[in-house]
Amino acid sequence: MARYRFGGGIADWGFGTVTVDGTDHIAQVSAGVAVTFWSDEQGGTQYTDLLDSDSLPVTSVSLADGTGVRARGQIPPLFGPDGVTRMWAQAGTNPRALMVTTDAADITTDPGTILPPLSLSGTVTVGTGVHRLYNDTTVVLRVAGVRASVGTPSSSGSVVVDVNRNGTTIFPTQANRPAIASGSSTSGKNTLAEVTELGVNDYLTVDVDSAGTGAANLVVQILVTRS
């Protein structure tokens, strides 16, 4: 995936309040206070895998004190954890405020790509897949879905397929393998794969683990997205 930018924007400031005789008065910008980042408004998990504006590892940032390029009280730019687009910022022990990545306008949703289908003409039979689909792109892909379908449904028993990455199943929980029930033409879109990363030069194969009775013309489609 990617790290996204936070902070440094027009709304990214830390404030405290002036208290006189036990009454809170006008808010004042704070400086030098450590800002931590969390997964939820309350509770949740603290994000500590952060990078500062120089791409150096940090676990928090401090509100600017006004002596550098940032105005007093501003939250300086930083990069969040891989793939995270929303974080709850907490200055000291104050309530948290939601921060959305400043890269939001540049983020586009990948609808996914269906790889060329692996097919078996004629009667479906049990067997180990020998045809390989390689990731010949320059990026890591992720398996987002698998669909098996047949032109002629089984009259009894299910057609069950397994997808392997470099010879090892992506469905360690075998009960989650795509299955076409007797009398049905498709397994539907299966999103239960537990091993989804497809690195550059990795390859996929498809096994038929159960053929049912009389099923014919099997097609297996694999949907992938950019990591």
Ignoring hydrogens and angles, tell me if any N or O in the side chain of T186 forms a donor-acceptor pair with the backbone of G188 under 3.5 Å. yes
Quick one: closest heavy-atom pair of S184 and V150, and the distance? O-CG2, 3.8 Å
Exam field: side chain Q221 to backbone I114, donor-acceptor pair closer than 3.5 Å: no
Apply side-chain contact (heavy atoms from CB on, under 4.5 Å) to residues V208 and V124 and explain how you reach the verdict. CA-CA 8 Å; V208 178; V124 179; 3.8 Å; yes
Hey, does the side chain of N190 reach the backbone of L192 with a donor-acceptor pair shorter than 3.5 angstrom? yes
Where do Q174 and R177 come nearest, in terms of heavy atoms and distance? O-NE, 2.7 Å
Whether the side chain of S154 engages the backbone of G214 through a donor-acceptor N/O pair (distance < 3.5 Å, no angle test) should be reported. no
Any donor and acceptor pair, going by atom type alone, linking the side chain of R165 with main-chain N or O of E197 inside 3.5 Å? yes
Give, for atom OH of Y4 and atom CG of L78, the distance between the pair rounded to the nearest 0.5 Å. 15.0 Å
Step by step, would you call T169 with N164 a side-chain contact (heavy atoms from CB on, under 4.5 Å)? CA-CA 4 Å; T169 182; N164 304 295; 3.7 Å; yes
If you round to the nearest 0.5 Å, how far is CG of D209 from CG of D162? 5.0 Å
Given the rule that I, L, V, M, F, W and Y join up when any side-chain heavy atoms are under 4.5 Å apart, are Y203 and V163 in one cluster? no
Please report the closest heavy-atom contact between A144 and K189, naming both atoms and the distance. O-CE, 4.1 Å
Would you compute the distance between atom CD1 of I75 and atom CG of L63 and round it to the nearest 0.5 angstrom? 6.0 Å
Run the side-chain contact (heavy atoms from CB on, under 4.5 Å) check on V161 and L118 step by step: do they pass? CA-CA 11 Å; V161 302; L118 291 167; over 6 Å; no
Closest contact, heavy atoms only, P111 versus L223: O-CD1, 4.3 Å
Nearest heavy atoms of R70 and A64, plus distance in Å: CB-CB, 3.5 Å
Say whether V61 and W38 are linked into one hydrophobic cluster, either directly or through other cluster members, by side-chain heavy-atom distances under 4.5 angstrom. no
Here the pair of heavy atoms bringing A31 nearest to D65 is CB-CA, 3.8 Å
Looking at R5, I want to see if its CZ is surrounded by more than 12 non-hydrogen atoms of other residues, nucleotides or ligands under 6.0 Å. no
Test side-chain contact (heavy atoms from CB on, under 4.5 Å) on R226 and T137 and set out the steps. CA-CA 10 Å; R226 292 172 65 93; T137 71; over 6 Å; no
Distance in Å, F79 CZ paired with L50 CG, rounded so as to fall on 0.5 Å steps: 11.5 Å
Please determine whether residues V130 and V206 belong to a single hydrophobic cluster, defined as Ile, Leu, Val, Met, Phe, Trp and Tyr linked transitively by side-chain heavy-atom distances below 4.5 Å. no
Indicate if F171 and L141 have the same hydrophobic cluster label, given that clusters are the connected sets of ILVMFWY residues with side-chain heavy-atom separations under 4.5 angstrom. yes
Sub-3.5 Å donor-acceptor pair from the side chain of D207 to the main-chain atoms of G129, do we have one? yes
In terms of hydrophobic clustering (I, L, V, M, F, W, Y; side-chain heavy atoms under 4.5 Å; direct or indirect links), are M99 and V84 co-clustered? yes
What distance separates I222 CD1 from I170 CD1, expressed to the nearest 0.5 Å? 6.5 Å
Do S210 and S158 have side-chain atoms, one donor and one acceptor, less than 3.5 Å apart? no
Looking only at atom types and distance, does a side-chain atom of N135 sit under 3.5 Å from a main-chain N or O of N201, one as donor and one as acceptor? no
side-chain hydrogen bond (donor to acceptor under 3.5 Å, both in side chains): which pairs involve residues 39-50, sequence neighbours left out? R3-D49
Could you check whether any side-chain heavy atom of S185 comes within less than 4.5 Å of a side-chain heavy atom of S149, counting everything from C-beta outward? no
Under a 3.5 Å distance rule, please check whether D52 uses its side chain to pair with a backbone N or O of D54 as donor and acceptor. yes
Apply side-chain contact (heavy atoms from CB on, under 4.5 Å) to S187 and list each qualifying residue two or more places apart in sequence or on a separate chain. R147, A148, P178, I180
Can you tell me how far apart CZ (F37) and CE (M87) are? Round to the nearest 0.5 Å. 5.0 Å
